[in-house]
Each structure stands twice: as C-alpha cells, then as structure tokens.
Asks: 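If you scroll down you'll find the structure; I have some questions about it.
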Amino acid sequence: MKRQLTLIALIFALCSTLSACRQNNGEFRSNTIITAVSADFDYLNPLLIQLSLSREVCTLIYPSLVKPTYDEKTGNIAFSPSAATSWEFSPDGKNVSFHLKKGIRWEDGTPLSSHDFKYSYSLYANPATASSRQDYLNDLLLKENGTPDIQRAVETPDSLTLVLHFNRALSASIVLDHFNDLMPVAKHVMEQFKPEEIRSRATEIPIVGAGPFKVSQWARQDKLVLETSPTSTLPYPAKTRSLIFVVVPEYTTRLAMLKSGQIDALISAGGINPIDTRELAQNSPDIQIRPVKDRYFDSIVWLNIDGEKWRSEKKVVPNPLFGDPAVRRAMTLAIDRQSIIDGFMGPEHATIVNTSLSPAYRSIANTSLDPYSYNPQKATTLLARAGWTPGADGILQKNGERFSFELAAPVGNPRRNYAATIIQQNLRQIGIDCRLRFEENLVFLKNQNEFRYEAALSGLAAETLPFQLIIWGSDFQNRTFNSSAFQNAELDSIIGKLSGPLAEKDALRLWQSYQRILHDRQPRTFLYYYDELEGFSRRVENTDINLLATLYNAYDWTLGKEP
C-alpha cells in the first residue's frame, strides 16, 4: 500500500494534481503521455540492453540505420531509410555500403558520422562490453584468432559512408535486421570510458541520442521521462512534448490508474489481462485495447548445464535434473498448457507451440511434429525410463537425489504467476517437487544471465526470423538469449546456412529442420505465443501497434481532448 501511494503521489506531483489537469485541460496533460510499466528498464544504452521494452525505448532515443515495416498479409519485413538514405549490396553478398543522411546531429549538437558506427561496432564486439548482440559482429571479416577485425571489416571513406565487409555471403534481410539492431552510441561520449567500465559505470554515462526523444529524467525504479528532441531529423522531433513511463509493479494498481485517467497507457507484463477486457468494454468506453499478436512467447527455461560447475570452472557438465532431453520432453508432456490458456488468456488469445518459431510464419511451420499434448502418464513413463522412480515420500528420486527444484519467475506479471501455479500443481501430480520463487525483474534477468537457476518461467519477443537465428547457438556464453545453455552442432550449422542467401525450397527445408531439433530436444518447454493486449486511453491518437514494437511510432503519438 505504501508503494502504491508513493507512485500515485509521483503522478500527481508531475502536474500538481491530475484531476485539476483534466478539469482545466492544462498544457501538461495535453502534451504529456503517461504510461505505466511493471518493471524498470535494465539499461538505456543500446550496447547493454537485453529487455525488449528497453530496446523499444532505445529506438526512440538512438539512431538506427533503417526502419523496418511489417506486412501482416505476407508476414514479410521490409526496410526503409532512416539514418541511412540508401544502401547497396555487392553481388556476392559479402559487402554492403550505407550512405548516411546529411545533417543528423546528436542532441548535444555534434554531427553523427560513420565514425560513430565504426566505434560502436568495436564496442559491441569487445568481450569486455558483454553485449547481448556481440555475436552479430562475427559475420564481419575476422582476425586469425577468430574475433571480428573491425579495422578491416568496417570502412569509413568519409563521414557519411559506412562500408561493411563480411567473411561469408549474407542475405540482405539478415544484414539489415542485425546491423539495424546495433544502434550506435556517440563516439565523443563513449570514448571517455574504457570498454571494461561501460557496464559497471552505466549509470554515470550520459545518455546522448539523436532520435525523436531525449531522456529528461530517469529515477530508477520510479519513472523515466522522455522529452521531444527539437533538433532530431530521425525522422523529426516527437509530436508530443513528453512521454513518461512510471514503474508500477502491481497489475491491479496499473489497471485502476488507467481506468481513472491517471495514466494514458498500460503496455507491459502482458498488458491488460484478458479476463478484464469484457468489464472494460462495458464500463470503460474511453479505454481501447490494441492486441499485439504472435510476437511474444512464454516458456520454461530448463538449465541444460550444471550452473555451479560453469560459473566456478567454466566446465560444461549436464544438469543433474534437466541435462537429459528425455526428461525435458517429459516435463513438457506433464504440463497442461491448454488449461493455463483457458484459465487465464482464453483460446482466442494464445497458441500452444513446441518451438520458438512464431505462428505468424505459417508457410514454414513444420506440421509433422508431435504436438506434445498433455499426457502425465506418458511423462511418468519417460521419467521412469530415465531412472526417476517414486521415493518413500512420493517424490521422484534417482541415485538418492530427489527431483526437487525452484522455478523462478518475475514479479508483477499475473499471466506468469498464474502459469507458475498450474505448473507447480501439474508437476506435483507426477511426483516432482517444484517450489516457486518470484524475483524483481532485473534480479531475475541477472540470475538467468549467470545461470543461477534450475528453471525459469521466462519469455521473449521473437518477432522476426533473423532474431530466431540469435536465440540459439552452442557458444551460449556469447549468446545471451540462449539462457538454457543449449548446445547442438546440427542447429549451429542450420543457423549459419539460414543466414546466407538461399533458394526458397532450401530455406524451407532448413527451417523445418530447425523446428525439429528444438521440438525433439526441448531446451525449453515452449508454452504458447500469446496476444499482448495493450491498453490505451482513447485520447492517445496515431498509435501503430504491430508485431515489431508497441512503441513502433511513439514519436507520432498525440493526445486528443478529454471526452
């Protein structure tokens, strides 16, 4: 209650009282959009970000080479100019030249140049930075030791030309997707910090961007205030004066604030609970719900390795519980995923999946795979074959070790909280002791990155096919999104081939194999892709909510008059 009162007081302090602002249609509430989120951002430096919402905010602050657009009818993604006005690929797919837009300036007035991109790529590639996107740079020309050779691979013939040289042929879509994701930082700011200091001193590094918004204030765990950046040409200054994110961990508080008009949008941790949509439609006509389909999936990440052995000795030793793929398949069979969907989301808002691939990509879906329908009896049989049999207390045991573990999940996410409870009950029914542990979001993320868990109820925004290719990889230390530490040489080979130019039939065959491996090995129990139902006041106009991002065009959002 104290936390809730503090947050509400914060909102009121932003503009004397919100009720007065509404009554007077004051300047603040006509030019400020307030959004509630469940947890703070991990970083606002693109070198360091891992959370999907942090990435979305960074796209509003920092330059991007191109602007992706999603065609819902075809499922294809196209790219249009942004910081780069044009680009040309060599016929062999090993080189690309980008031509930067004239007149782009960082918010402090320093011109943006190709040198910023080159310097940024050197930081992304540096192991000391520990970027989650470090692996992207491995497609560039390499040194003899196998590390990216930034000096040879990235040329800057002039301040507006950026030339990249790759060690193999790459498809244009892979290059544009990956290097667009490598948003540059300002060289003149970042060169004041050693690469090995960037993460530890992140709070000291000025946030200097060139996008439509700039950071006005960031009070950790409370609020982030973005203001329109008057000098931006990417594409132009944001149309609303301020976009404020307030951290409100409790879903019921976020929803109450949306209903009362204290906030204008509720967009995090699954957005609006589906169970609340009917009541909102009946009693809150001023609220509109915008679904984001086929972008987000939930899963249980089974740690495939012994985390302690890896942290202390850097040895890859199978996890005593989840190192066996037969056990992981049994876990999937033991979990009643449909009951989670029916009890929380409703079948119209979620689709059960058995790989990380989004249902949006129907044309490449491998429909021959076993759906792993709920079957606790089969799960018990698989576990028995793997040596797990009931002990005196009813809990499965093997060689004297009980099948007992903690399932970690982030706080403030009602959907995952509900799923965790069902999962715990399902596993208890087959003799597995699953204890629940709920953690603050940044702690949860840190523990995953350091493999300090046995199992984690986690998720990803995995909207594009190029992103599917970086989720996995046996070099899990440098593949941050592979939080299960899953290793598979055949999958590594397939990922490498899918990154290059391919005939359609060859790509289809590889994508089918990609799904088969994930299906058979179950590095995660893939639960479902779900609709995130974003809640907006009808005063918020010009929102383009799509598969790529909730904040896709937040610089165009405006506030209409109070109804």
Asks: Ser229 and Glu107: which non-hydrogen atoms are nearest, and at how many Å?
Replies: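 Minimum heavy-atom contact is OG-CB, 4.3 Å.
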
Asks: Do Ile77 and Tyr70 come within less than 4.5 Å of each other through their side chains, counting heavy atoms only?
Replies: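 Sidechains of Tyr70 and Ile77: in contact.
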
Asks: Determine whether Gln522 and Trp302 make a side-chain contact, defined as any pair of heavy atoms from C-beta on separated by less than 4.5 Å.
Replies: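 They are not in contact (no side-chain heavy atoms under 4.5 Å apart), so the answer is no.
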
Asks: So do the side chains of Ser499 and Arg168 get within less than 4.5 Å of each other, counting heavy atoms only?
Replies: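 In contact.
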
Asks: Using the rule given for side-chain contact (heavy atoms from CB on, under 4.5 Å), can you reason through Trp87 versus Leu65, listing the C-alpha separation, both sets of side-chain angles and the distance that settles it, and then say yes or no?
Replies: CA-CA 10 Å; Trp87 49 91; Leu65 280 171; over 6 Å; no

Asks: Do Val154 and Ile150 have side chains that get closer than 4.5 Å, going by heavy atoms?
Replies: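 Side-chain contact under 4.5 Å: yes.
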
Asks: Tell me whether Glu534 is salt-bridged to Arg295, with the criterion being a basic N under 4.0 Å from an acidic carboxylate O.
Replies: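 The answer is no: the pair does not qualify as a salt bridge.
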
Asks: Are any of the side-chain nitrogens in Asp306 or Lys309 under 4.0 Å away from the carboxylate oxygens of its partner?
Replies: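 A salt bridge is absent here (no side-chain N lies under 4.0 Å from a carboxylate O).
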
Asks: Are the side chains of Leu510 and Tyr514 in touch, meaning some heavy atoms are under 4.5 Å apart?
Replies: no

Asks: Determine whether a donor-acceptor pair (N or O, by modelled atom type, separation under 3.5 Å) exists between the side chain of Tyr62 and the backbone of Leu44.
Replies: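 Pair found, side chain donor or acceptor close to backbone of Leu44.
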
Asks: Testing the basics here: between Leu162 and Thr156, what is the closest heavy-atom pair and its distance to 0.1 Å?
Replies: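 Distance-wise, the nearest heavy atoms are CD1-CG2, 4.4 Å.
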
Asks: Judged by modelled atom types alone, do Ser484 and Asn482 share a side-chain donor-acceptor pair under 3.5 Å?
Replies: yes

Asks: Is it true that a side-chain atom of Lys67 and a backbone atom of Pro235 form a donor plus acceptor pair closer than 3.5 Å?
Replies: no

Asks: Would Lys497 and Asp506 satisfy salt bridge (charged side-chain N to carboxylate O under 4.0 Å, His left out), going step by step from the backbone distance to the final call?
Replies: CA-CA 10 Å; Lys497 292 175 183 176; Asp506 294 329; over 6 Å; no

Asks: Between Ser120 and Met183, is there a donor-acceptor pair closer than 3.5 Å when you use the side chain of the first and the backbone of the second?
Replies: no

Asks: Look at the rings of Tyr136 and His178 and say which category their plane angle falls in: under 30° parallel, 30 to 60° tilted, over 60° perpendicular.
Replies: parallel

Asks: Would you check, one step at a time, whether the test ring-ring contact (aromatic ring centres under 6.0 Å, His included) holds for Phe117 with Phe98?
Replies: CA-CA 11 Å; Phe117 285 87; Phe98 291 98; 8.2 Å; no

Asks: Inspect the surroundings of CD in Glu88 and state if more than 12 heavy atoms from other residues, nucleotides or ligands are less than 6.0 Å away.
Replies: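 Atom CD in Glu88 is packed in, count exceeds 12.
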
Asks: Find the distance between CZ (Phe526) and NE2 (His519) and round it off to the nearest 0.5 Å.
Replies: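 Atom-to-atom, Phe526:CZ and His519:NE2 are 10.5 Å apart.
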
Asks: Report the distance from atom CG of Leu182 to atom CD of Gln134, rounding to the nearest 0.5 Å.
Replies: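 Nearest 0.5 Å value for the CG-CD distance: 11.0 Å.
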
Asks: Can you confirm whether Trp511 sits close enough to Tyr361 that some side-chain heavy atom of one is under 4.5 Å from a side-chain heavy atom of the other?
Replies: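 Heavy-atom side-chain distance check fails, nothing below 4.5 Å.
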
Asks: Donor-acceptor check, side chain of Thr129 to backbone of Ser131, threshold 3.5 angstrom: yes or no?
Replies: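 Answer holds: no.
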
Asks: Mind checking the CG-OG1 spacing from Leu234 to Thr59? Nearest 0.5 Å is all I need.
Replies: 11.5 Å

Asks: Identify which one of Val57, Ile244, Thr240 satisfies the side chain to side chain contact (heavy atoms under 4.5 Å, CB included) criterion when paired with Leu226.
Replies: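 Exactly one candidate clears the test, Val57.
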
Asks: Test Trp472 against Asn488 for side chain to side chain donor-acceptor pair (under 3.5 Å), laying out the working first.
Replies: CA-CA 9 Å; Trp472 311 105; Asn488 185 278; over 6 Å; no

Asks: Between Thr543 and Val540, what is the shortest heavy-atom contact and its length?
Replies: CG2-CG1, 3.6 Å

Asks: Can Ser483 and Gln448 be counted as having a side-chain donor-acceptor contact under 3.5 angstrom?
Replies: yes

Asks: Step by step, would you call Glu308 with Ser312 a side-chain contact (heavy atoms from CB on, under 4.5 Å)?
Replies: CA-CA 6 Å; Glu308 175 58 34; Ser312 61; 3.7 Å; yes

Asks: Quick check: do Arg133 and Phe481 have side-chain heavy atoms less than 4.5 Å from each other?
Replies: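 With C-beta onward as the side chain, the pair touches.
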
Asks: With a cut-off of 6.0 Å (strictly less than), are more than 12 heavy atoms of other residues, nucleotides or ligands near NZ of Lys314?
Replies: yes

Asks: Show, in sequence, the C-alpha distance, side-chain angles and deciding distance for Glu490 and Arg516, and conclude whether the salt bridge (charged side-chain N to carboxylate O under 4.0 Å, His left out) test is met.
Replies: CA-CA 11 Å; Glu490 183 184 0; Arg516 174 184 52 77; 2.9 Å; yes

Asks: Working to the nearest 0.5 Å, report the span between CG of Leu170 and CG of Asp92.
Replies: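 Nearest 0.5 Å value for the CG-CG distance: 10.5 Å.
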
Asks: I'd like to know whether Asp294 forms a side chain to side chain donor-acceptor pair (under 3.5 Å) with Ser358, so could you lay out the CA-CA distance, the side-chain angles of the two residues, the decisive distance to 0.1 Å, and finally the verdict.
Replies: CA-CA 6 Å; Asp294 299 332; Ser358 169; 4.7 Å; no

Asks: Using a strict threshold of under 4.0 Å (side-chain N to carboxylate O), is an ion pair present between Lys187 and Asp116?
Replies: no

Asks: I'd like to know if the side chain of Arg539 reaches the main chain of Gly560, judged simply by a donor and an acceptor atom lying under 3.5 Å from each other, with no hydrogens or angles considered.
Replies: yes

Asks: So, applying side chain to side chain contact (heavy atoms under 4.5 Å, CB included) with Phe166, which one of Val175, Leu141, Asn138 is it?
Replies: Val175

Asks: Would Lys143 and Asp149 pass as an ion pair if we require N to O under 4.0 Å?
Replies: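 Between Asp149 and Lys143 there is no salt bridge, as every charged N stays at least 4.0 Å from the carboxylate O atoms.
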
Asks: Using a 4.5 Å cut-off on heavy atoms from C-beta on, say whether the side chain of Asn542 contacts that of Lys239.
Replies: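 No. Closest side-chain heavy atoms not under 4.5 Å.
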
Asks: So which heavy atom on Asn180 is nearest to which on Pro68, and how close?
Replies: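 Result for this residue pair: ND2-CD, 3.9 Å.
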
Asks: For the residue pair Phe213 and Ala238, what are the closest heavy atoms and their distance?
Replies: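 Smallest heavy-atom distance, with atoms named: CZ-CB, 3.3 Å.
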
Asks: After noting the C-alpha distance and the side-chain angles of Leu498 and Gln468, does the key distance pass the side-chain contact (heavy atoms from CB on, under 4.5 Å) rule?
Replies: CA-CA 10 Å; Leu498 283 170; Gln468 290 285 330; over 6 Å; no

Asks: Which residues pass the side-chain contact (heavy atoms from CB on, under 4.5 Å) test with Ala128, not counting sequence neighbours?
Replies: Asn126, Pro195, Glu196

Asks: Go through the steps for Ser38 and Asn413 under the test side-chain contact (heavy atoms from CB on, under 4.5 Å), then give the verdict.
Replies: CA-CA 8 Å; Ser38 64; Asn413 189 314; over 6 Å; no

Asks: Donor-acceptor pair, distance only, cut-off 3.5 Å: does the side chain of Gln512 make one with the backbone of Ala365?
Replies: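 Here the side-chain-to-backbone pair exists.
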
Asks: Any donor-acceptor pair under 3.5 Å linking the side chain of Gln487 with the backbone of Asn304?
Replies: no

Asks: Within the side chain of Arg311, is there an N or O that forms a donor-acceptor pair under 3.5 Å with the backbone of Phe451?
Replies: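 Yes; judged by distance alone, with no hydrogens or angles, the pair exists.
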
Asks: To the nearest 0.5 Å, what is the distance between NZ on Lys94 and CG on Asp139?
Replies: 12.0 Å

Asks: Please answer whether the main-chain N or O of Ser64 pairs with a side-chain N or O of Ser82 as donor and acceptor at a distance below 3.5 Å.
Replies: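 Checked: pair present.
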
Asks: Compare every heavy atom of Asp42 with every heavy atom of Arg220, then report the nearest pair and how far apart it is.
Replies: NH2-O, 3.5 Å

Asks: Run the numbers on Tyr121 and Phe179 for ring-ring contact (aromatic ring centres under 6.0 Å, His included), then give the verdict.
Replies: CA-CA 9 Å; Tyr121 295 161; Phe179 282 85; 5.4 Å; yes

Asks: Mark yes or no for whether Ser132, through its side chain, and Thr480, through its backbone, hold a donor-acceptor pair below 3.5 Å.
Replies: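 Side chain of Ser132 to backbone of Thr480: no pair is present.
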
